[in-house]
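Written out below as structure tokens is the structure these notes cover.
Numbering starts at 1 and runs along the sequence shown. Computed over heavy atoms, backbone and side chain alike; hydrogens, waters and symmetry mates excluded.
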Amino acid sequence: MTTKPKARKFRIRRSGTGPGSARPDTRAPLGAIGTAPSAPPSAPTALPMGGQVDTPAQVQAETDLDTIRAEGLTGRQLRMARRVAQKHGIAATSDFDAVRQLRARGIDPFEKSSILELVKPTAAAGGGGQPPAATSGPADAATPGGDQQPIGRIQLPQTIPQQSREVGHPVQPNPADQRAREILKIQRDIAKRRRRRLMLLASRLSMFVLLPTLIAGYYFFAIATPMYATKSAFVIQQAEAAAAGAGGLAGMFQGTSMATQQDSTAVKSYLSSRDAMQRLDSEHGFKAHFSDPEIDAIQRLAPDASNEEAFATYQDHIRIAYDPSEGVINLEVIATNPEASQRFSEALIGYAEEQVDQMTQRLRADQMAGAEQSYRDAEARREQALQELLRIQNEVSVLSPEGEVSAILSQISTLETQKQQKQLELAQLSSVRRPNEARVNALTQEIANLDDLIVTLRNQMTQQSGGGSTLASKTTELRLAEENYQFQTIMVQQALGLRETARIEAERQVRYLSLSVRPIAPDDPTYPRALENTLVTFLILAGIYLMLSLTASILREQVSS
């Protein structure tokens, strides 16, 4: 960032003719120089006659001049106003009068654009060595003393011709030439400052940007040890086909398409951990490989390096990226030779596969253990119910109490039918006037016998046996035991189904690692990418320098303001 040059202040007027003087210029007009000798400086000028009254315009002009004087304008501003007035052809008796007349015409004498317009034509005049030609103003007005005073435009002082010197005029330097020389000096000083600033800028850029870039480029092209990168890619999948084909309750355990995202993230974290680095070092000598003296000093690992330093090198040379949209884990392993790079890559893929199995092993074991325990408990309860059923059957001493009860009930029903028939025959015999007594007695006896037999059969079902239990109670116990056995059998079947479902779910929970890109050792070195790294270094240094330059420029401007 370049700032506008600031020129110093130069005084181009002598103290006798300074712009702060309010005396009117009593010199003769430039058009009269060379034609007639001017009056000597000590000659008195004619004053206006006494008794004259100022016009309203003169009174207003004096009032405006007093107002401008009260503003406290600096000498530089007054000189600037005089130059602007001369540029616009305004005849001003003083610097304050120049400010008044410029404001009356609607011109701001202190505007920057007016200053810039003043420099160009003046410099052009000074560069040619000749002042601008004087334009003759209006006719001179006669003063009461007989001297001629210019009423029109007042011209700048010019060089006195040779013939004027001969008649006694004093030789004075041309202010226009002196101003042109001063402006030229300012321009040369500005150009010198610009050249100096450009040289300083070039030196700073060379020191802070170009030189470090050259050093970095030399390192990348000539010193850096070539590295070989083996790339591979794998994805973690789960066995969903078996669960989908099982149907029934197994359909509830089907996962979503993002089911393995958590497992992939866990595997990526493990491969990027210190545990994986220490295992790789213990099994394949990671530290020893990168401590080889043939590696350049910047990339070489110290022989007695700590685990933290080795882990920093591990993070620089083992690059793992996970794509959540595809579920693919990309692995890039960098080493000093192709064989080591491929060996490290295959070892890390094996670690990832073991980690996947370890993450799902406990879940599968817990699921199968719970299902197996439920099935074993159901089998034990069913065995207990079967033993109870056999015990009750042995106590009843019959194969089927229900069949025996059914037989007794059938006998009772038959006896009841016979009893009803005998009762009908007895009723028929008793309906005649003289019934056969022998026949009536026989039927009565048969009916009584049938009643006794029916009571006996009924007592067999309701009275307690030698074991203290009736046949009805034994039948009820046996029925309850049979129902309990049937229920426990159903529970065993359900437990068996749940165990099969848990087995299917455990199989579905199995994760396996599938390689989509196998690790193959490269033929040519992959790193360093000398040109790209050099350009990146240049851009980074240039950005840092630009940021610091802007910050310093802003702070400098704030302090100066």
Partners meeting side chain to side chain donor-acceptor pair (under 3.5 Å) with [X] (sequence neighbours left out):
X: Q60; value: D64
X: Q315; value: none
X: D304; value: none
X: N533; value: none

Next item on the list: Carefully, step by step, assess Q278 and N307 under the rule side-chain contact (heavy atoms from CB on, under 4.5 Å).
Entry: CA-CA 8 Å; Q278 293 177 357; N307 288 333; 4.0 Å; yes
Check: Do other residues, nucleotides or ligands put more than 12 heavy atoms under 6.0 Å from E71 CD?
Finding: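 More than 12 within 6.0 Å, yes.
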Once you round to the nearest 0.5 Å, how far does [atom1] of [X] lie from [atom2] of [Y]?
X: L546; Y: T551; atom1: CG; atom2: OG1; value: 9.0 Å
X: S345; Y: I334; atom1: OG; atom2: CD1; value: 11.5 Å
X: F110; Y: R103; atom1: CZ; atom2: CZ; value: 5.5 Å
X: K268; Y: I320; atom1: NZ; atom2: CD1; value: 7.0 Å
X: Q355; Y: L348; atom1: CD; atom2: CG; value: 12.5 Å
X: F96; Y: T67; atom1: CZ; atom2: OG1; value: 12.0 Å

Notebook entry, point to check: With sequence neighbours left out, which residue pairs that include part of residues 522-557 fulfil the ring pair (Phe, Tyr, Trp, His ring centres under 6.0 Å) condition?
Noted result: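 Matches after skipping sequence neighbours: none remain.
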Run the side-chain donor-acceptor check on residues 335-344: report pairs under 3.5 Å with partners two or more places apart or on a different chain.
| from | atom 1 | to | atom 2 | distance (Å) |
| --- | --- | --- | --- | --- |
| T336 | OG1 | H289 | NE2 | 2.9 |
| N337 | OD1 | E339 | N | 3.4 |
| N337 | OD1 | A340 | N | 2.7 |
| S341 | OG | T230 | N | 3.1 |
| S341 | OG | T230 | OG1 | 2.6 |
| S341 | OG | V333 | O | 2.8 |
| Q342 | NE2 | E346 | OE2 | 3.4 |
| Q342 | NE2 | P519 | O | 3.4 |

Can you give me the closest heavy-atom contact between [X] and [Y], atom names plus distance?
X: A530; Y: T534; result: O-OG1, 2.7 Å
X: E332; Y: A229; result: OE2-CB, 3.5 Å
X: P109; Y: V84; result: O-CG2, 3.9 Å
X: Y228; Y: P522; result: CB-CG, 3.9 Å
X: A310; Y: K287; result: CB-CE, 3.5 Å
X: L280; Y: A347; result: CD1-CB, 3.9 Å

Notebook entry, point to check: Salt bridge check: are R193 and D189 linked by an N-O gap of less than 4.0 Å?
Noted result: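 Yes, R193 and D189 are salt-bridged.
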Next item on the list: Identify, with sequence neighbours excluded, every residue that meets ring pair (Phe, Tyr, Trp, His ring centres under 6.0 Å) alongside F290.
Entry: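 Here the qualifying residues are F286, H317.
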Notebook entry, point to check: Any salt bridge (charged side-chain N to carboxylate O under 4.0 Å, His left out) pairs touching residues 314-325, not counting sequence neighbours?
Noted result: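 Residue pairs with at least one partner in residues 314-325: there are none.
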Notebook entry, point to check: Hey, mind stepping through Y270 and Q358 against side-chain contact (heavy atoms from CB on, under 4.5 Å) and telling me if it holds?
Noted result: CA-CA 12 Å; Y270 173 74; Q358 181 181 358; over 6 Å; no
Note to self: Show, in sequence, the C-alpha distance, side-chain angles and deciding distance for I318 and L271, and conclude whether the side-chain contact (heavy atoms from CB on, under 4.5 Å) test is met.
What the structure shows: CA-CA 9 Å; I318 307 298; L271 294 180; over 6 Å; no
Notebook entry, point to check: Ignoring hydrogens and geometry, is there a side-chain-to-backbone donor-acceptor pair from S291 to A288 under 3.5 Å?
Noted result: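 Flag not set: sc S291 to bb A288 has no pair under 3.5 Å.
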Notebook entry, point to check: So, the side chain of S553 versus the backbone of S549: is there a donor-acceptor pair under 3.5 Å, distance only?
Noted result: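 Flag not set: sc S553 to bb S549 has no pair under 3.5 Å.
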Checklist line | Where at least one partner belongs to residues 515-525, residue pairs that pass side-chain hydrogen bond (donor to acceptor under 3.5 Å, both in side chains), sequence neighbours excluded | finding: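 Checked against side-chain hydrogen bond (donor to acceptor under 3.5 Å, both in side chains) - neighbours excluded - no pair reaches residues 515-525.
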Next item on the list: Begin with the C-alpha distance, continue with both residues' side-chain angles, and end with the deciding distance and a verdict on side-chain contact (heavy atoms from CB on, under 4.5 Å) for F208 and L548.
Entry: CA-CA 11 Å; F208 297 108; L548 294 178; over 6 Å; no
Checklist line | Sequence-distant partners of E309, salt bridge (Lys or Arg N to Asp or Glu O under 4.0 Å), two or more places apart | finding: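 For E309 there are no salt bridge (Lys or Arg N to Asp or Glu O under 4.0 Å) partners, ignoring immediate neighbours.
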Note to self: The criterion is salt bridge (Lys or Arg N to Asp or Glu O under 4.0 Å); which residues satisfy it with D97, sequence neighbours excluded?
What the structure shows: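 With neighbours one apart ignored, the set is R100.
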Any non-hydrogen side-chain atom of [X] less than 4.5 Å from a side-chain atom of [Y]?
X: R188; Y: K185; result: no
X: I68; Y: L73; result: yes
X: R181; Y: Q178; result: yes
X: R274; Y: Y314; result: no
X: L102; Y: I90; result: yes

Counting only pairs under 3.5 Å, give me each side-chain donor-acceptor contact of residues 210-224, with atom names and distances, residues two or more places apart or in other chains.
| from | atom 1 | to | atom 2 | distance (Å) |
| --- | --- | --- | --- | --- |
| T213 | OG1 | V209 | O | 2.6 |
| Y219 | OH | D296 | OD2 | 2.9 |

